[in-house]
*Asks:* 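The following block contains the structure, expressed as structure tokens.
Keep in mind that this is a model prediction, so the values were computed, not measured.
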Amino acid sequence: MANSASEGTVLSDQLALRPLLRPAEVLEVVPGLIVSQHSGSGKANQYYLRGFNLDHGTDFAASLIGMPLNMPTHGHGQGYLDLQFLIPELIDSVQYRKGALAADVGDFATAGSVAIDYKRSIDAPFLELGVGEDGYRRGLAIGSTRVGDGDLLHAFEWTETNGPWVLDEDLIKRNAVLRYSQGTRDNGWSVSGLAYSSSWQATDQVPRRAINSGQIDRFGFIDPTVGGRTHRYSISAEWAQRSANQQRRASVYAVDYKLNLFSNFTLFLNDPVNGDQFEQLDDRRVYGGAFSNTWFGELAGLPSEFTVGTQIRHDAIDAVGLFTSTARQRTGTIRLDEVDETSVALYAEHQLQWHPKFRSVLGLRTDAYRFDVNSNRDINSGRVNDHITSPKAALIFGPWAKTEFYAQAGYGFHSNDARGVTTRLNPDFRDPGFLSPSQPADPLVRAKSYELGLRTGIIRGLQSSLAFWRLDLDSELLFIGDAGTTEPSFPSRREGIEFANFWQPNERLTVDADLAYSRARFQEGPSNERFIPGSVEKTASVGVAWQMAERWHSGLRLRYFGPRPLIEDNSVRSASSTLVNARLAYDITPKLKLTGDLLNVFDRQVSDIDYFYESQLQGEAAPVEDIHTHPAEPRTLRMSLRWSY
């Protein structure tokens with residue numbers, strides 16, 4: 001039962017015919033969400049939603065089989081959300097919600113949240129081999145075995161590619177999943193182990209003037225030694241028990257994570273001889289769990305659901321650092337910290353059916369945080385405690401003629417980087433020995449979310465939703481090109497319209513079409529500099545999945561990513577991009593399947609990402625403000641052969 005017009009659940013069948021360039025593109029099932037990339041394939045993607053350039057996840061929360069995936073106080077960016085370890089073929093469901101309107105999600109969920117669940121078993125094990133242009137190779141093995149009273153699911157993925165770049169990407173990715181489960185998600189339990197590692201070379205965003213002058217190719221590079229390596233190992237468990245009048249859920253998890261990331265955004269601006277490459281380090285363990293209990297019954301004779309829950313998380317960050325480097329060799333330390341960050345949340349939500357055509361949902365959430373920073377400069381060390389309470393409410397009217405109406409309002413928040421919370425003196429990237437006074441950031445930043453919407457199935461076979469929304473954020477986070485980091489800025493307001501449709505005229509054909517418009521502005525600062533750099537304004541997508549004949553299946557997707565302001569006065573803007581991807585699959589036999597993906601069908605020469613900031617090429621006498629771009633990959637063909645046994 002939906003509580004808003006902007007939430008939904010997408011099942012595995014709807015993902016089967018979606019052509020994907022990257023694993024994280026499964027998130028584009030969320031209407032209005034765009035996934036892009038500005039560096040190598042081993043780095044977290046860039047996300048856009050509801051007027052946000054979400055960077056790598058600052059205001060969009062994600063979880064997988066009960067584990068939160070965003071990383072607070074991360075070496076590269078607050079809320080870092082790396083989904084490169086996802087195996088799309090394992091996904092059972094994707095549940096999404098927009099805005100800070102649900103009581104059971106907290107940090108980073110200001111623009112929205114998504115909960116991904118993996119399958120517990122599959123009907124038949126299979127081996128799949130994929131090949132493609134630019135050295136793309138992928139092997140995938142997935143199977144499940146009945147063990148005792150449960151199912152043991154096992155999967156292994158191996159991927160290598162060089163990409164279309166002049167500098168070979170040399171991506172090597174290894175991925176494994178082992179999951180034992182009994183029962184169902186609502187009445188059963190599971191234990192899951194995940195292991196992922198990756199290494200790569202990257203072609204970062206490059207200044208457009210270097211391409212226009214012919215100094216480098218459109219897919220060329222400036223610094224040949226940027227890239228990274230990362231790993232993520234986790235173990236988690238989930239338990240659920242359902243009775244006639246109660247639903248209980250519990251989960252625990254432990255994660256070992258590390259990232260060494262080498263970047264160079266400003267090229268030779270700070271160091272004309274050795275260049276501006278820097279290394280970002282993140283080495284941590286994450287522990288946590290959650291418990292909730294829902295009671296189904298009556299209150300004063302009216303149907304009622306009441307949920308209480310708690311969530312706890314501790315990030316033991318052994319090292320989070322920023323270093324100057326040359327050819328991946330450290331040359332200096334800008335900042336190095338050890339951080340312990342702990343959060344505890346309590347929440348309650350009550351749903352009451354006042355009338356067959358009217359119900360209400362009231363929620364209350366309190367989050368408490370403890371930031372403990374041990375910095376390489378004692379003055380930047382410290383311990384800070386903070387808490388924030390977030391009430392939420394929704395009114396649902398209907399259905400009338402298969403149509404429901406929704407009115408919602410709620411408070412949410414995102415946390416700030418613990419280092420910013422305790423910093424008193426800030427080292428200068430150009431001269432780490434120069435320290436400038438710094439005002440500590442607010443630990444927890446308030447968000448206010450409002451939404452009016454409707455959901456209708458009045459036309460047979462067509463499900464449509466329309467949402468009008470507004471989001472106020474007390475402090476914005478902006479990308480700072482010369483350090484590859486973010487910093488707090490002015491309060492902001494975003495508002496917009498979303499229109500989502502899912503049409504299934506018959507069993508062989510499904511069509512989805514989404515349109516979204518957003519307006520994002522700072523609420524303070526000079527009146528002619530209120531545009532938020534990178535904020536997405538217009539997006540659209542159309543997808544078709546068609547079983548053309550008994551053995552033939554096809555999928556086609558069009559994605560429009562609209563222009564964006566790149567500077568506060570809107571004098572520099574990115575161009576729009578429209579990409580079309582296609583998939584064609586043929587069942588050679590009941591156990592042998594051939595699939596072809598044609599990505600960027602029309603070979604559009606568009607950007608995946610655009611930024612505007614100062615950089616300096618070798619030989620230039622002074623810094624130059626310019627658009628820095630990372631091109632979308634050209635038309636690419638990939639083929640895979642799957643054998644089920």
Side-chain angles (χ1 to χ4, degrees), residues 38-44 56 71 73-77 80 82 84 160 162-163 165-173 197-207 210 215-216 220-232 256-284 317-339 375-377 380 419 426-435 480-485 613-620 623 628 630:
H38 74 96
S39 187
S41 299
K43 184 180 178 181
H56 299 291
M71 296 287 186
T73 311
H74 188 271
H76 184 67
Y80 190 79
D82 184 0
Q84 302 294 356
E160 295 185 2
N162 288 323
W165 320 106
V166 174
L167 175 70
D168 285 349
E169 189 170 23
D170 196 23
L171 172 74
I172 302 174
K173 180 170 77 170
S197 66
S198 181
S199 63
W200 67 96
Q201 296 186 137
T203 297
D204 274 340
Q205 68 253 23
V206 294
Q215 178 178 341
I216 62 171
F221 62 93
I222 304 295
D223 188 334
T225 60
V226 297
R229 57 186 178 272
T230 187
H231 74 246
R232 185 187 189 280
D256 179 87
Y257 170 85
K258 188 174 183 179
L259 171 71
N260 296 87
L261 182 65
F262 299 87
S263 306
N264 188 346
F265 300 142
T266 54
L267 309 175
F268 293 91
L269 186 150
N270 302 315
D271 188 337
V273 177
N274 299 306
D276 297 352
Q277 187 183 107
F278 57 92
E279 178 190 1
Q280 290 166 311
L281 167 68
D282 194 285
D283 187 1
R284 73 176 69 200
I317 308 173
D318 293 336
V320 55
L322 179 62
F323 311 90
T324 55
S325 61
T326 301
R328 300 201 185 189
Q329 299 299 311
R330 292 179 187 172
T331 58
T333 300
I334 300 171
R335 180 157 186 174
L336 180 61
D337 299 87
E338 180 182 345
V339 179
S375 181
N376 63 327
R377 291 183 175 87
N380 288 332
R419 294 167 294 177
N426 198 32
D428 193 314
F429 187 84
R430 296 176 177 86
D431 179 9
F434 176 78
L435 302 176
I480 306 301
D482 62 357
T485 60
Y613 58 86
E614 277 189 346
S615 66
Q616 191 166 337
L617 293 166
Q618 201 164 31
E620 288 183 330
H628 293 70
H630 191 264

*Asks:* Roughly how far, to the nearest 0.5 Å, is NE2 of His56 from CG of Asp82?
*Replies:* 9.5 Å

*Asks:* Working to the nearest 0.5 Å, report the span between CG of Asn264 and OG1 of Thr225.
*Replies:* 8.0 Å

*Asks:* With rounding to the nearest 0.5 Å, note down the distance linking CD in Gln205 to OH in Tyr613.
*Replies:* 4.0 Å

*Asks:* Within the side chain of Gln280, is there an N or O that forms a donor-acceptor pair under 3.5 Å with the backbone of Gly75?
*Replies:* yes

*Asks:* When you look at Phe262 and Arg229, which way does the side-chain contact (heavy atoms from CB on, under 4.5 Å) test go after all the steps?
*Replies:* CA-CA 9 Å; Phe262 299 87; Arg229 57 186 178 272; 4.0 Å; yes

*Asks:* Using the side chain to side chain contact (heavy atoms under 4.5 Å, CB included) criterion, which residues pair with Asp168? Sequence neighbours excluded.
*Replies:* Asn162

*Asks:* Compare every heavy atom of Ser325 with every heavy atom of Thr331, then report the nearest pair and how far apart it is.
*Replies:* OG1-N, 3.6 Å

*Asks:* Stepwise, does the side-chain contact (heavy atoms from CB on, under 4.5 Å) test hold for Leu259 with Tyr80?
*Replies:* CA-CA 11 Å; Leu259 171 71; Tyr80 190 79; 3.9 Å; yes

*Asks:* Angle between ring planes, His38 versus His76, binned at 30° and 60°: parallel, tilted or perpendicular?
*Replies:* parallel

*Asks:* Nearest 0.5 Å please: distance from the CG atom of Asn260 over to the CG atom of Asp283.
*Replies:* 8.0 Å

*Asks:* Go through the steps for Thr73 and Ile317 under the test side-chain contact (heavy atoms from CB on, under 4.5 Å), then give the verdict.
*Replies:* CA-CA 9 Å; Thr73 311; Ile317 308 173; 4.0 Å; yes

*Asks:* How far apart are the closest heavy atoms of Gly42 and Leu171, and which atoms are they?
*Replies:* N-CD1, 4.2 Å

*Asks:* Please report the shortest heavy-atom distance between Pro207 and Leu617, naming the atom on each side.
*Replies:* CG-CD2, 3.9 Å

*Asks:* Let me see the working for Thr333 and Asn376 under side-chain contact (heavy atoms from CB on, under 4.5 Å), right down to the final yes or no.
*Replies:* CA-CA 9 Å; Thr333 300; Asn376 63 327; 3.8 Å; yes

*Asks:* In chain order, what residues pass the side chain to side chain contact (heavy atoms under 4.5 Å, CB included) check against Gln616, with sequence neighbours excluded?
*Replies:* Leu269, Glu620, Pro623

*Asks:* Taking only residues two or more places apart in sequence or in another chain, which ones pass side chain to side chain donor-acceptor pair (under 3.5 Å) with Asp337?
*Replies:* Arg335, Ser375

*Asks:* Do Val166 and Ile216 come close enough that some side-chain heavy atom pair is under 4.5 Å?
*Replies:* no

*Asks:* Between His74, His231, Arg284, Arg232, which is the residue that forms a side chain to side chain donor-acceptor pair (under 3.5 Å) with Tyr257?
*Replies:* His74

*Asks:* Between Asp276 and Thr266, do the side chains contain an N or O donor and an N or O acceptor separated by less than 3.5 Å?
*Replies:* yes

*Asks:* To the nearest 0.5 Å, what is the distance between CG (Leu261) and CZ (Arg328)?
*Replies:* 9.0 Å

*Asks:* Holding to side chain to side chain contact (heavy atoms under 4.5 Å, CB included), I want the full list of residues that pass it with Ser39, two or more places apart in sequence or in another chain.
*Replies:* Gln37, Lys43, Ala202, Asp204

*Asks:* Test your reading of the model: is there a side-chain donor-acceptor pair from Lys173 to the backbone of Ser41, 3.5 Å cut-off?
*Replies:* no

*Asks:* Tell me every residue that passes salt bridge (charged side-chain N to carboxylate O under 4.0 Å, His left out) with Glu160, counting only those two or more places apart in sequence or in another chain.
*Replies:* Arg137, Arg174

*Asks:* Within the distance-only criterion (no hydrogens, no angle test), does the side chain of Thr324 pair as donor or acceptor with the backbone N or O of Gly332 below 3.5 angstrom?
*Replies:* yes

*Asks:* Looking at every non-hydrogen atom in both residues, tell me the closest pair between Leu167 and Pro224 and how far apart they are.
*Replies:* CD2-O, 3.7 Å

*Asks:* Between Glu169 and Thr203, is there a side-chain heavy-atom distance shorter than 4.5 Å?
*Replies:* no

*Asks:* Not counting sequence neighbours, which residues clear side chain to side chain contact (heavy atoms under 4.5 Å, CB included) with Phe268? List them please.
*Replies:* Ile222, Gln618

*Asks:* When rounded to the nearest 0.5 angstrom, what is the spacing between CZ in Arg330 and CZ in Phe278?
*Replies:* 14.0 Å

*Asks:* Regarding Ser198 and Thr230, is there a side-chain donor-to-acceptor distance under 3.5 Å anywhere?
*Replies:* no

